[in-house]
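This report concerns only the one structure given below.
Below, all heavy atoms of this structure are taken into account, side chains as well, without hydrogens, waters or symmetry copies. First the proteins, then the strands, lettered A, B, ... as listed; each starts at 1. Every value quoted in this text rests on a predicted model; they were computed, and no experiment measured them.
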Number of protein chains: 2
Amino acid sequence: MASVTPADRPPLGLRERKKIKTRRAIRAATYALIEEQGYDATTIEQIADRAEVSPSTVFRYFPTKEDIVVTDAWDPVIPAELRARPRDESWADVLRHVMRTALDVSLAVEPEVTRLRSRLGVEVPAVRARMTESMAATGRLLREALAERSGLDPDSLELRVFAMSVMGGLMEVSHYWAETGHQDDVRDLVDRALDVLEHGLATGKP
Amino acid sequence: MASVTPADRPPLGLRERKKIKTRRAIRAATYALIEEQGYDATTIEQIADRAEVSPSTVFRYFPTKEDIVVTDAWDPVIPAELRARPRDESWADVLRHVMRTALDVSLAVEPEVTRLRSRLGVEVPAVRARMTESMAATGRLLREALAERSGLDPDSLELRVFAMSVMGGLMEVSHYWAETGHQDDVRDLVDRALDVLEHGLATGKP
DNA sequence: TGATGATTGAGAGTTACTGTCGATTTCATG
DNA sequence: CATGAAATCGACAGTAACTCTCAATCATCA
């Protein structure tokens, strides 16, 4: 796998270190408050108070409240992995590996947050919307990757439709996982979803 | 086709007629203002002024600003069509017919609005989010229809993933249509999209 | 140490949306 | 036609997510 470190280490000034700490504090405060009170009842002011920064600062770090929940330092992992997979691998296998890597990392580093996030994706429309946006962004990356592999035009309707349909299917996995109380191993669910996306529905009457 | 009238005609009291008129006035005012000034620059207050109602009334008719743009009286057409298709028709053909009917109606009744809407779906994140929500709702209906036809459990991961992937692909058609300046006939685009969703990508190297 | 540029906090303003209440209008009934 | 019930409406007050600006502070580097 390419790089599984969220940011590059090298010479990290005090300024940068503080920024990372502040960002972390805001996210932690947000998750704690949401667990306690729910998403809607949690205001930016409360988040700022608990993180010991001003409301302005919260908005300086995250453009919207949803972004605090949805985005994290691991987001660049998916694109990197996407590019790193061998050329001759089928698109389904590429996604299988990429998704597994991303999920392994996420579940290992912050398992509760991973679950909370998928739950909020079901329960809070605004969060779901934000997730859909980043899914669409990933879809565009997938499109590039698929274009390279297939030789098709990345801007063709066909490739666009295909990529977004795959991402739509994967999004549904997250909702299913949350709605069934996180009983299953998400990675198994992803595998099953990719089987459907690759081979179509097994209707029982072929 | 089942019923291509938005609402039932029969005995329509003055009260009902006024409601319909108000609703129409709000939508018309909104579209006009958006054409003039853009979406974000258009406030509820302006909409209320032009529609000659109070802001409270606007919110009484539409829960959010996005809803004014996205929802219309034709929305129930799709579910109805979905149920009306013959049992032995393939899912792709079902969708082909349903989508064509919906688009024929929409393009015939208010062609500019149909285009404006898809454009706003590309340009305005909030509108896009609202569209995604109604797409998801349609996806659930599609799931029911597919379950009946295939005998699969409508709540199974497989069927859920499949239905949402199809809807994701169709959503992309709208974006493609808008981004390419509405050059193409959307109905052709839908046909091409359904071909991809049914048979997968034609990679050129089979 | 002192200059410089980045980061922050305070505060004011906008707007979407919520909830309430009294006034008006429509409708069904006598 | 009159009257009472119910629906609808407008006015108003309130909340919270953002946006912008400006002055103060703080890390960095010469």
Side-chain angles (χ1 to χ4, degrees), chain A residues 7 10-27 29-30 33-34 36-71 120 124-131 133, chain B residues 7 10-27 29-31 33-34 36-71 120 123-131 133:
Chain A
L12 208 52
L14 180 68
R15 213 166 238 166
E16 301 303 313
R17 251 176 298 146
K18 255 194 176 165
K19 273 212 254 183
I20 292 173
K21 255 173 94 173
T22 303
R23 202 183 166 82
R24 247 203 283 272
I26 294 172
R27 292 223 312 146
T30 305
L33 284 166
I34 289 177
E36 292 170 21
Q37 320 173 333
Y39 183 87
D40 289 332
T42 300
T43 69
I44 297 283
E45 214 181 334
Q46 293 171 344
I47 293 170
D49 277 355
R50 185 163 307 196
E52 301 192 287
V53 294
S54 76
S56 336
T57 300
V58 174
F59 283 116
R60 207 168 274 125
Y61 278 78
F62 299 94
T64 71
K65 199 169 130 187
E66 300 86 64
D67 279 81
I68 310 180
V69 173
V70 172
T71 65
L120 292 176
V124 184
V127 172
R128 180 166 55 251
R130 183 60 187 77
M131 285 177 172
E133 290 292 298
Chain B
L12 208 51
L14 181 70
R15 212 166 238 168
E16 302 303 313
R17 248 176 299 147
K18 255 195 175 166
K19 274 214 256 183
I20 292 173
K21 254 174 98 173
T22 304
R23 200 182 167 82
R24 246 204 283 273
I26 293 172
R27 293 222 314 143
T30 305
Y31 285 129
L33 284 166
I34 289 178
E36 292 170 19
Q37 320 173 334
Y39 182 88
D40 290 331
T42 300
T43 70
I44 298 284
E45 212 180 333
Q46 292 171 344
I47 294 170
D49 277 355
R50 184 164 307 195
E52 301 193 289
V53 293
S54 78
S56 336
T57 300
V58 175
F59 283 116
R60 206 167 276 127
Y61 278 79
F62 299 94
T64 71
K65 200 170 129 186
E66 298 88 63
D67 280 82
I68 310 179
V69 173
V70 172
T71 65
L120 292 176
E123 291 172 1
V124 184
V127 172
R128 181 166 55 251
R130 183 61 187 77
M131 284 177 174
E133 290 291 296

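What separates NZ of Lys21(A) from C1' of dA27(D) is a distance of 15 Å, to the nearest Å. Atom-to-atom, CZ of Arg23(B) to C1' of dT8(D) comes out at 15 Å; the value is rounded to the nearest Å. The CD1-P distance, from Ile44(B) to dT14(C), rounds to 17 Å in whole Å. Rounded to an integer number of Å, the gap from CG of Asp49(B) to P of dA11(D) is 10 Å. Distance CD1 (Ile20(A)) to C1' (dT7(C)): 15 Å, rounded to an integer number of Å. A straight line from CD1 of Ile26(A) to C1' of dA17(D) spans 15 Å, rounded to a whole angstrom. Residue Glu16(A) contributes atom CD, which lies 18 Å from atom P of dC26(D) at whole-angstrom precision. At whole-Å resolution of the value, CZ in Arg60(A) and P in dA10(C) are 11 Å apart.
Using a cutoff of 4.0 Å between basic side-chain nitrogens and carboxylate oxygens, Arg128(B) and Glu133(A) are scored as salt-bridged. For Arg50(A) and Glu36(A), the salt-bridge test passes: some basic side-chain N is under 4.0 Å from an acidic carboxylate O.
OP1 or OP2 of dT8(D) has not a single side-chain nitrogen or oxygen of Tyr61(B) nearer than 4.0 Å. Distances shorter than 4.0 Å separate some side-chain N or O of Lys18(A) from OP1 or OP2 on dA27(D). Regarding contacts with the backbone of dT7(C), a side-chain N or O of Lys19(A) is found under 4.0 angstrom from either OP1 or OP2.
Contact record, Arg27(B) with Ile68(B): CD-O, 3.5 Å, taken as the closest heavy-atom pair. Smallest separation of non-hydrogen atoms from Phe62(B) and Arg23(B): CE2-NH2, 3.5 Å.
Annotation: of the two residues near DNA chain D, Pro55(B) and Arg15(B), the 5′-most nearest-nucleotide partner is Arg15(B). Annotation: of the two residues near DNA chain C, Pro63(B) and Thr57(A), the 5′-most nearest-nucleotide partner is Thr57(A).
With dA17(D), dG10(D), dC9(D) as the candidates, the nucleotide lying closest to the side chain of Ser54(B) is dG10(D). Minimum atom distance to the side chain of Phe59(B) is reached by dC17(C), of the listed dC17(C), dA16(D), dG10(D). For Ser56(A), taking side-chain heavy atoms from C-beta onward, the closest of the listed nucleotides dG11(C), dA17(D), dA27(D) is dG11(C).
Lys65(B) forms a cation-pi arrangement with Tyr39(B), by the criterion of a distance under 6.0 Å to the ring centre and an angle within 45° of the ring axis.
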